[in-house]
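Taking it in order: structure first as structure tokens, then the write-up.
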Amino acid sequence: MTGERPADENVVAALEVDLHDTLKYSLLGPSLTKSGQDNVDQTKVSEIIYNASKGSKFFNHEEYRDKNLTQKIERILGKKKQLEKLDLASDRRKADDCIAELELARDLSQTLVHIDCDAFYAAVEELDRPELKDVPFSVGKGVLTTCNYHARKFGCRSGMAGFVAKKLCPQLIQLPLNFDKYTSKAQEVREIIVEYDPRFESASIDEAYLNITGYCEKHDISAEDAVQQLRREVHEKTKITISAGIAANAKLAKICSNQNKPNGQFLLPSDRNAIMAFMSDLPTRKVNGIGRVFERELDAVGVKTCGDIYAYRQYLSKLFGEKSFFFLMQCYLGLGRTNVQPAEEYERKSVGTESTFRDMNDPVELRDKLRATAEELEKDMLRTKFKGRTLVLKIKLHTYEVLTRQIIPPKAVYLKEDLYNFAVPMLAKLEQDFPGMRLRLMGLRCTHLVSMKKPDTMSFFGFKRKATGPLDTGGSVPSSPQKRKADALSTDEGQWEQWPDELLFEEAERQEREDELQELETLSQEIDKRRHHGKEVVPNPTPKKGAAEDPTEDEWWDCPICMRPQATDEKAFNGHIDLCLSRQTIKDAVQETGETPTTKPLKRPSTASEKGKNNRSGAGGDPKQKRLCFG
DNA sequence: CATTTTAAT
DNA sequence: CTGCATTAAAATG
């Protein structure tokens with residue numbers, strides 16, 4: 001395409017390429033590793049994407065982020081240069097010790113499978129409209145959620161903007177989403193895979209992890225044959241093709257399911273040498289937690305494959321942090337988790353909603369939007385039966401810059417009125433800090449959740465996870481035992497145990513205590529209203545690690561009244577509370593002193609405080625402020 | 001050092 | 001040029 005231009009323009013174009021090739025690579029999108037692109041000329045594709053998006057606000061923001069990343073990489077490289085001068089023997093030893101320890105714990109006894117439906121949404125649409133089979137089409141309007149393999153030949157990909165995809169493939173047909181259709185189809189698939197592992201884990205609507213060790217043993221069948229059979233069965237019964245990876249752990253299985261996509265499977269033998277060889281020349285990007293940013297950072301220091309990690313092991317901790325170091329060690333060794341558990345058994349940490357809309361800067365309109373967002377969140381909170389101790393407001397400016405602000409309301413919240421009322425001050429503060437700000441997205445999220453599930457339904461009351469799973473908080477036990485017949489059946493396999501009556505009693509006590517704490521919170525809010533004329537928000541007395549958590553998991557709790565750490569022993573703790581309450585009740589505090597009874601109030605979040613008004617975003621010389629342009 | 005905010009997946 | 005959730009690192013006071 002450059003051949004048509006005059007020579008000097010070619011020079012300019014070449015310069016642009018040099019300046020922006022990292023950006024172009026980034027613009028290729030997050031799903032570069034996904035299949036169906038092998039025969040596509042990525043250079044040509046990125047050129048088209050680049051030209052299609054050039055000049056847009058989105059592009060400018062990507063450019064900005066790309067520059068930041070380039071700078072960050074320069075810092076990393078500088079640091080590496082420094083490190084090269086030093087003696088890193090101890091770091092190398094640390095890495096070697098880590099490797100030795102990990103190696104010792106390597107578990108090759110399990111057979112894990114990752115299955116992934118091929119172009120799932122598109123496949124479901126094709127079932128309804130077979131004529132789509134021979135033409136390129138995508139599902140999703142503004143952004144492609146997925147597209148069929150015809151479209152992929154043109155460079156179209158999930159996550160790509162619709163208009164960009166149209167540039168790559170003008171014939172592309174874009175279908176709207178039919179989420180219900182995909183959900184029910186996914187359910188059909190799940191009904192089949194549950195026979196292979198009753199405790200399979202849904203990773204998303206079209207992905208699942210299975211542990212088929214038991215199945216293979218029971219049916220005296222090889223893993224490969226079992227998966228072959230599973231895939232055939234799924235195809236016969238649902239007309240959906242799936243790809244699968246078979247390996248010793250979840251990380252490897254996930255990588256393997258991509259190897260022979262679509263409609264294929266790949267087995268990585270559970271053999272240390274085979275695994276090491278497999279990882280040795282595997283590009284880092286193929287690993288699940290490594291995306292385009294980390295890939296570039298690793299590439300910059302010389303790590304292109306998982307095998308390369310070893311040679312740089314003495315640098316990684318200092319360059320990327322302890323967690324990344326540990327993660328990379330596991331990548332090098334091809335290690336991953338071998339346990340698989342139903343997704344419902346994972347403890348939820350937040351509930352939130354967000355939406356994108358046409359640019360908006362009218363304060364009244366913004367408040368309307370906030371109210372609507374609060375209403376949406378209330379629905380989700382009621383559905384999931386949670387309250388949140390922390391409320392997070394997220395906005396995206398018209399420039400695509402994202403900002404979040406959070407507060408700790410005086411009580412756990414979930415009602416739309418509360419959500420709105422406690423969020424409005426954050427919005428107001430943002431409007432103050434960024435006068436005339438224009439938004440394209442608004443979101444609300446509750447974190448530090450408190451369950452509202454009452455432990456009074458047999459659906460969960462009689463059972464408790466035995467393993468040290470996240471379910472130890474009585475409230476977050478899965479509420480949907482109806483479909484997983486295995487849950488009820490596997491009691492004798494040691495997966496579940498009946499709660500002893502004693503524990504049941506303690507659970508009831510725990511619930512009572514939680515309710516008490518809730519009352520305290522409400523009262524302390526009352527105090528606060530009187531003290532601050534309803535204007536300000538004061539933190540609630542909260543046990544250090546959250547009142548809803550199982551005390552046996554913590555070393556100690558803060559007494560919500562005197563704030564002193566207390567033993568986790570329930571009797572002792574309750575005894576102390578009684579004492580504390582009798583000595584100094586909340587109501588006394590209100591009537592006599594007007595002070596909250598907490599001798600050591602929790603720190604107030606800056607967003608809700610007066611002294612927070614001069615924090616960085618408001619400061620005149622803040623580079624962030626300059627960067628933002630409001631029209 | 002604890003908490004808040006950002007950034008990445 | 002989505003939406004939802006989780007996690008880690010950076011920034012902040």
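These numbers come from the heavy atoms of this one structure, side chains and all, not from hydrogens, waters or symmetry mates. Naming: A, B, ... by sequence-line order, numbering from 1 per chain.
Spacing between atom CZ of A/Phe326 and atom C1' of C/dT7 amounts to 15 Å, rounded to whole angstrom units. Per the geometry, CG belonging to A/Leu439 stands 17 Å off C1' belonging to C/dT2, to the nearest Å. For A/Arg296 and B/dA7, the CZ to P distance is 15 Å, given to the nearest whole Å. A/Lys254 has its NZ atom 14 Å from the P atom of B/dT9, to the nearest Å. Between the CZ atom of A/Phe320 and the P atom of B/dT9 there is a distance of 12 Å, given to the nearest Å. Protein atom CG of A/Leu69 is 14 Å distant from nucleotide atom C1' of B/dT9, rounded to whole Å. Summarising the geometry, the separation between CZ on A/Phe327 and C1' on C/dA8 is reported as 12 Å, rounded to the nearest angstrom. The distance from atom NZ of A/Lys72 to atom P of B/dA7 is 10 Å, rounded to the nearest whole Å.
Distances shorter than 4.0 Å separate some side-chain N or O of A/Arg348 from OP1 or OP2 on C/dA5. One finds no side-chain N or O of A/Arg65 lying less than 4.0 angstrom from the OP1 or OP2 phosphate oxygen of B/dT6. Considering only side-chain N and O atoms, A/Ser350 lies nowhere under 4.0 angstrom from the phosphate OP1 or OP2 of C/dC4. Close to C/dC1, at under 4.0 Å from its OP1 or OP2, lies a side-chain N or O of A/Arg440. Here A/Thr356 reaches the OP1 or OP2 of C/dG3: one of its side-chain N or O atoms lies under 4.0 Å away. Between A/Lys141 and C/dT2 there is no side-chain N or O to OP1 or OP2 distance below 4.0 Å. For A/Ser324, a side-chain nitrogen or oxygen approaches OP1 or OP2 of C/dA9 to under 4.0 Å. Contact between the side-chain N/O atoms of A/Ser56 and the OP1/OP2 oxygens of C/dC1 is not found at any separation under 4.0 Å.
Nearest to the side-chain atoms of A/Ser355 among the listed nucleotides C/dG3, B/dT9, C/dC1 stands C/dG3. Side-chain atoms of A/Lys349 lie closest to C/dT7 of the nucleotides B/dT6, C/dT2, C/dT7. With C/dC1, B/dA8, C/dC4 as the candidates, the nucleotide lying closest to the side chain of A/Val293 is B/dA8. Nearest nucleotide to the A/Glu354 side chain, out of B/dT4, C/dG3, C/dA8: C/dG3. Candidate nucleotides C/dC1, B/dT6, C/dC4 were compared by shortest atom distance to the side chain of A/Phe163, and C/dC1 ranks first. Relative to the side chain of A/Phe294, the nucleotides C/dC4, B/dT9, C/dC1 differ in distance, and B/dT9 lies closest. Across B/dT4, B/dT6, C/dC1, the shortest atom-to-atom separation from the side chain of A/Ile408 is found for B/dT4.
For the pair A/Gly142 and A/Arg75, nearest-nucleotide mapping onto DNA chain C gives the more 5' position to A/Gly142. Between A/Val351 and A/Ala161, the residue whose closest nucleotide on DNA chain C is further toward the 5' end is A/Ala161.
With respect to the salt-bridge test (charged N to carboxylate O, under 4.0 angstrom), the residues A/Arg383 and A/Glu378 do not qualify. The residues A/Lys72 and A/Glu297 are annotated as salt-bridged, a charged nitrogen and a carboxylate oxygen being separated by less than 4.0 angstrom. With respect to the salt-bridge test (charged N to carboxylate O, under 4.0 angstrom), the residues A/Lys416 and A/Glu376 do not qualify.
Using the six-membered ring where Trp is involved, A/Tyr121 and A/Phe179 have ring planes that are perpendicular, over 60° apart on the 30 and 60° scheme.
A/Phe59 comes within 4.0 angstrom of nothing in the nucleic acid, heavy atoms only.
Across A/His448, A/Met452, A/Met381, a single residue satisfies side-chain contact (heavy atoms from CB on, under 4.5 Å) together with A/Phe386, and that is A/Met381.
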**Request:** Might you work through the side-chain contact (heavy atoms from CB on, under 4.5 Å) test for A/Met442 and A/Leu366, ending with a clear yes or no?
**Result:** CA-CA 9 Å; A/Met442 187 182 287; A/Leu366 288 177; 4.2 Å; yes
**Request:** For A/Phe320 and A/Phe327, run ring-ring contact (aromatic ring centres under 6.0 Å, His included): C-alpha distance rounded to whole Å, both residues' side-chain angles, the deciding distance at 0.1 Å, then the answer.
**Result:** CA-CA 10 Å; A/Phe320 301 114; A/Phe327 176 73; over 10 Å; no
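Smallest separation of non-hydrogen atoms from A/Glu295 and A/Ile290: N-CG2, 3.8 Å.
Within a 6.0 Å sphere centred on CZ of A/Phe326, other residues, nucleotides and ligands contribute 12 heavy atoms or fewer.
Taking a pair as Watson-Crick or G-U wobble with both distances under 3.5 Å, DNA chain C forms stems of 3 or more consecutive pairs at B:1-9 with C:5-13.
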